[in-house]
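Take a look at the structure below.
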Number of protein chains: 2
Amino acid sequence: MKRTSFAKDRCPVARSVEVVGDWWSLLIVRDALAGKKRFGEFQKSLGAAKNILSGRLRKLVADGVLEIVPASDDSAYGEYKLTAKGRGLLLVIAALGQWGGAGSDFRLQDRNGKPVRLELRSEGGRKVSPEDVRLGRSSELR
Amino acid sequence: MKRTSFAKDRCPVARSVEVVGDWWSLLIVRDALAGKKRFGEFQKSLGAAKNILSGRLRKLVADGVLEIVPASDDSAYGEYKLTAKGRGLLLVIAALGQWGGAGSDFRLQDRNGKPVRLELRSEGGRKVSPEDVRLGRSSELR
DNA sequence: CCGTATCCATTCCGATACTG
DNA sequence: CAGTATCGGAATGGATACGG
C-alpha cells in the first residue's frame, strides 16, 4: 500500500508535480530565486521546523533543483544554489504569483526594474489569451 | 499543533500554494483543462481513491476553482467545470508542463493547432529570459 | 454511476533536545 | 550556525464496503 508515484508518468505535469508538487518545495524555490542561500535564511523565512526543512532541501538536491556549493564567504558549511534546472522553475513561481496575486505586492522585474509578466505566445510571437489555448488531446496527457 | 496555513500570507505564491500546492489538485485541474468533467473521468485518469478525489473536488469547489453545473446531458448528477479563476491556472499548468517536459509529448496549442509557449515579456512586449528576471526584494515576498 | 463512510498504514509536520 | 534524532499528533492516501 504505497503512495502512487508519478515520476514515470508520461505527462510532464505529473512528473513536475512529483518533484515540486508539495508545499515547502515551491516556497523554498521561491526563496532561492529571491536570493536566499543559507539554511538559516530558509528557516527564518519559512518558519518550518529544521528537520523537515532539512529533508526538503535534501530532496531538492537529489532531484537536481538545488546544489550545494562549498561556501561563498567564510563558513565551513555550504550554500544552497539553484541549478539551471532549478532556475527554470521561475516560470512556475511566476505563474503561481500571478494567479494568486490579485492586489498583492508580488513583482517580477527585469534588470532595469521594469515589470515583467508571463504571457502565452504562439509561434509567430502573437499573444494568445488563455481561453484560446487547448491542451493536447487527453490521450497525449497521460 | 496545527499545520501552518499560508492562506493569509502576503506572498501570492504562498497563497496559491495553499490552494493548489498539493499533488492531486494540480492534476485535477490539468484534467479539467483537458476537458474532463465527470467524477468517473477524473477517477479513471488519476487512479485516485474515490474518497480522496471527492475531498479534493470539494475543496477546489470551495476555493472557487471548480463549480458544479447541473448537467449537460442526462444524469441526475452535475459536472465539474472550471471557473474563470480556475482557468487562470492554465498558466501554472503550462509552466509545470514546460518545466517537466523535455522530450515529452506535452503540447499547448491555439485554436488552429499551432504550438503555444509561455514566455516572459517586459512592458513593451520585449522578450525577457529567465536569467534576467528578478523577484521583488525579499521584503516584498513575505 | 456518484459519491459517502470506515478502517488502517504511511507520511508529514511541529516542537524540542542534542551534536559538531 | 547547520544540521540530526526523536517523538506525538495530524493529515493524507489506499482499499473497500455501502447507499442514492
Side-chain angles (χ1 to χ4, degrees), chain A residues 1-9 14 17-29 31-32 35-63 66-81, chain B residues 1-9 14 17-29 31-32 35-63 66-81:
Chain A
M1 213 196 306
K2 276 283 291 173
R3 214 163 168 135
T4 51
S5 163
F6 292 107
K8 303 287 183 198
D9 203 288
V17 166
E18 180 79 18
V19 178
V20 291
D22 79 284
W23 262 41
W24 297 113
S25 302
L26 279 169
L27 296 177
I28 290 171
V29 172
D31 281 356
K36 296 197 170 62
K37 302 173 180 188
R38 309 284 289 247
F39 190 93
E41 292 182 290
F42 291 115
Q43 214 229 323
K44 181 151 165 277
S45 163
L46 300 173
K50 301 161 62 140
N51 51 359
I52 90 155
L53 177 57
S54 172
R56 293 298 176 192
L57 287 171
R58 199 169 21 235
K59 180 167 184 295
L60 287 170
V61 168
D63 287 334
L66 296 174
E67 61 184 340
I68 302 184
V69 301
S72 71
D73 51 344
D74 52 340
S75 168
Y77 299 96
E79 298 182 343
Y80 294 92
K81 205 161 117 350
Chain B
M1 213 193 309
K2 278 283 291 173
R3 218 157 161 136
T4 51
S5 162
F6 292 106
K8 301 288 181 196
D9 203 285
V17 166
E18 180 79 18
V19 177
V20 291
D22 79 284
W23 262 44
W24 296 112
S25 302
L26 279 168
L27 296 177
I28 290 171
V29 172
D31 281 356
K36 296 197 171 62
K37 302 174 180 188
R38 310 285 289 246
F39 190 92
E41 291 182 291
F42 292 114
Q43 215 229 323
K44 181 150 167 277
S45 163
L46 300 173
K50 299 160 62 138
N51 52 357
I52 91 153
L53 177 57
S54 173
R56 295 296 178 199
L57 288 171
R58 197 169 21 236
K59 180 167 184 296
L60 288 171
V61 169
D63 287 334
L66 295 175
E67 60 184 341
I68 302 185
V69 301
S72 70
D73 49 345
D74 52 339
S75 170
Y77 299 95
E79 298 182 342
Y80 294 93
K81 205 161 114 355

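To find a chain, count down the sequence lines: A is the first, B the second, and so on, and within it residues start at 1.
- Within the structure, a side-chain polar atom (N or O) of A:W24 is placed less than 4.0 Å from OP1 or OP2 of C:dC13.
- For A:Y77, whose side chain is taken as the heavy atoms from C-beta onward, the closest listed nucleotide among D:dG14, C:dC1, C:dG20 is C:dG20.
- Atom-to-atom, CG of B:L57 to C1' of C:dC1 comes out at 15 Å; the value is rounded to the nearest Å.
- Distance check: B:N51 CG to B:R56 CZ gives 10.5 Å after rounding to the nearest 0.5 Å.
- Between the base of C:dG3 and the side chain of B:N51 there is no donor-acceptor pair shorter than 3.5 Å.
- At the phosphate of D:dG9, neither OP1 nor OP2 sits under 4.0 Å from any side-chain N or O atom of B:R3.
- Not counting sequence neighbours, the partners of A:E18 by the side chain to side chain contact (heavy atoms under 4.5 Å, CB included) test are A:S5, A:F6, A:A7, B:W23.
- Put simply, the side chain of B:D22 and the base of D:dT12 share no donor and acceptor less than 3.5 Å apart.
- When the nearest nucleotides of DNA chain D are assigned to A:G40 and A:T4 by heavy-atom distance, the more 5′-ward of the two goes with A:G40.
- The structure places CZ of A:R38 at 13.5 Å from NZ of A:K44, a figure rounded to the nearest 0.5 Å.
- At least one side-chain nitrogen or oxygen of A:R38 sits closer than 4.0 Å to the OP1 or OP2 atom of D:dA2.
- Rounded to a whole Å, the CD1 atom of A:I52 is 15 Å from the C1' atom of C:dT16.
- Phosphate proximity of C:dT4 to B:R58: present, with a side-chain N or O under 4.0 Å from OP1 or OP2.
- Among the heavy atoms of the strands lying under 4.0 Å from B:Y80 are primed sugar atoms or P, OP1, OP2 only; no base atom is included.
- In this structure, CH2 in A:W24 is found 12.0 Å from CG in A:L57, a value given to the nearest 0.5 Å.
- Contact of the B:L66 side chain with the B:I28 side chain is registered, since non-hydrogen atoms from C-beta on lie closer than 4.5 Å.
- Summarising the geometry, the separation between CZ on A:F6 and C1' on D:dG14 is reported as 12 Å, rounded to the nearest angstrom.
- Residues B:R56 and A:K50 both approach DNA chain D. Their nearest nucleotides, taken by heavy-atom distance, put A:K50 toward the 5′ side.
- The side chain to side chain contact (heavy atoms under 4.5 Å, CB included) with A:V19 is formed by just one residue from the set A:L26, A:D63, A:V29; it is A:D63.
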For DNA chain D, the expected dot-bracket line (Watson-Crick or G-U under 3.5 Å, [ ] crossing, | inter-strand) is ||||||||||||||||||.|
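- Rounded to whole Å, the distance from CG on B:L53 to C1' on D:dA15 is 15 Å.
- If you take NZ of A:K37 and P of D:dG3, they are 15 Å apart, rounded to a whole angstrom.
- Minimum heavy-atom separation, A:K36 to A:S45: CE-CB, 3.7 Å.
- The side chain of A:S54 places an N or O atom within less than 4.0 Å of a non-bridging phosphate oxygen (OP1 or OP2) of D:dT4.
- Distance A:I28 CD1 to D:dG3 C1': 14 Å, rounded to the nearest Å.
- A:I68 approaches A:G78 most closely through the heavy-atom pair CG2-CA, 4.0 Å.
- Rounded to whole Å, the distance from NZ on A:K59 to C1' on C:dT11 is 13 Å.
- Between the CD atom of A:E79 and the P atom of D:dA2 there is a distance of 9 Å, rounded to whole Å.
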